[in-house]
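Input: a single structure, listed below in structure tokens.
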Amino acid sequence: MVNRPTLAGLVAPPLLWLVVAYLGALGAIFATAVWSTDPFTNQVVRTFTTDNLRTLVSDPTYLRIIGRTLLIATSVTVLCALIAVPFAFFMAKVAPARVRGLLIALVLVPLWASYLVKAYAWRTMIGPGGVLDSVVGGTPGYGFTAVVITLTYLWLPYMILPIYAGLEKLPDSHLEASADLGARNWTTFRRVVLPALLPSIAAGTIFTFSLSLGDYIAVQIVGGTLQVLGTAVLQVSGP
């Protein structure tokens, strides 16, 4: 019998590499947080100081920006999970095996498009006179809601793929046994499916939360005057 590679086996090496890359980047960011900048040359001075950290936790403006950024990242992560779980479950357990490859391809296709193209597409749709304004009769405009919607669309595949990989490894016999014991669908999901998915949801959360936390390009495109950590750092470090 030939063992066919599963999605979990295929995506594990790239996901591991992304985790290492993000942890390395975060380490570099934390290192620069305890360095200072020469006010004359604007060059980084590699001398340990806690002035930056004290300013960060004492300035009300920065505290509001931090809170807003965390709220955006949390909202995007929760929305991605709420959309990804039923979608991935349909892909792994409901859809016929012959169409699962097509569904996976449809999830991956948006990743092939340019980040900027997708962000500007949402700017067009959310803006006055855009698709939402024409179809729904209103639009949230540029701001907090637009940023959450755009980032949810951008990072949703990073939540769907780990959850699908987790569901792919969940034996159908577990679901059948739960049904045979009289459990309803919600009980089966809560006591059988959800505990098995927790590691996959955690993996997807790492990506969606961290990517949303550090994003500033989409915020500049659809956020209007909204300030987040990324835009604040850009303004401070810019020329």
Side-chain angles (χ1 to χ4, degrees), residues 7-8 11-12 14-27 29-30 62-92 103-104 106-111 113 115 118-119 121-123 125-126 140 142-170 189-190 193-224 226-233:
L7 179 63
V11 303
L15 288 178
L16 178 61
W17 169 247
L18 286 174
V19 170
V20 172
Y22 277 119
L23 290 178
L26 288 175
I29 292 174
F30 282 122
Y62 285 121
L63 291 177
R64 285 194 297 270
I65 292 175
I66 292 172
R68 186 184 302 120
T69 305
L70 290 173
L71 180 59
I72 289 174
T74 302
S75 301
V76 171
T77 301
V78 171
L79 284 175
C80 284
L82 291 176
I83 298 171
V85 170
F87 190 84
F89 185 85
F90 176 81
M91 290 170 57
L103 294 175
I104 294 173
L106 291 176
V107 172
L108 293 174
V109 162
L111 298 178
Y115 172 96
K118 292 183 288 187
W122 273 104
R123 177 182 175 87
M125 290 189 290
I126 292 173
Y142 304 130
F144 182 91
T145 303
V147 171
V148 171
I149 293 173
T150 302
L151 293 180
T152 299
Y153 170 78
L154 290 173
W155 310 137
L156 183 59
Y158 294 95
M159 182 68 79
I160 291 177
L161 292 176
I163 293 177
Y164 175 80
L167 286 168
E168 192 181 44
K169 295 187 295 184
L170 179 65
F189 173 80
R190 183 166 53 88
V193 178
L194 190 58
L197 284 184
L198 288 180
S200 301
I201 294 175
T205 298
I206 291 173
F207 291 111
T208 56
F209 187 85
S210 61
L211 288 169
S212 302
L213 196 67
D215 190 280
Y216 65 94
I217 298 177
V219 177
Q220 289 183 307
I221 294 173
V222 301
L226 192 70
Q227 280 273 40
V228 295
L229 276 176
T231 56
V233 171

With L154, which residues qualify under side-chain contact (heavy atoms from CB on, under 4.5 Å), at least two apart?
Y115, K118, T150, L151, A218
Residues in side-chain contact (heavy atoms from CB on, under 4.5 Å) contact with L82, at least two apart in sequence or another chain:
V78
Give every donor-acceptor pair under 3.5 Å between a side-chain atom in residues 196-205 and any protein atom, sequence neighbours left out.
unit_1 : atom_1 : unit_2 : atom_2 : d
S200   : OG     : P162   : O      : 3.2
T205   : OG1    : I201   : O      : 2.7

If every non-hydrogen atom of V85 is compared with every non-hydrogen atom of L167, which pair is closest and at what distance?
O-CD1, 4.5 Å
For A84, side-chain contact (heavy atoms from CB on, under 4.5 Å) partners two or more places apart:
L156, M159, I160, I163
Would you indicate whether the side-chain heavy atoms of T145 and I126 approach each other to under 4.5 Å?
no
Residues two or more places apart in sequence or in another chain: which of them pass side-chain contact (heavy atoms from CB on, under 4.5 Å) with S75?
L71, F144, V148
I72: which of L226, L213, V219 passes side-chain contact (heavy atoms from CB on, under 4.5 Å)
L226
Nearest atoms (heavy-atom pairs only) where P140 meets I149
CG-CD1, 4.5 Å
Applying ring-ring contact (aromatic ring centres under 6.0 Å, His included) to F87 and not counting sequence neighbours gives none
Between Q227 and R68, what is the shortest heavy-atom contact and its length?
O-NH1, 2.6 Å
Work out which heavy atom in W155 is nearest to a heavy atom in D215; give both atom names and the distance.
CZ2-OD2, 3.7 Å
Keeping S212 on the side-chain end and F209 on the backbone end, is there a donor-acceptor pair under 3.5 Å?
no
T74 side, atom OG1; L79 side, atom CG - distance, nearest 0.5 Å:
11.0 Å
Any side-chain heavy atom of Y158 within less than 4.5 Å of one from C80?
no
Y164 and L103, any side-chain heavy atoms less than 4.5 Å apart:
no
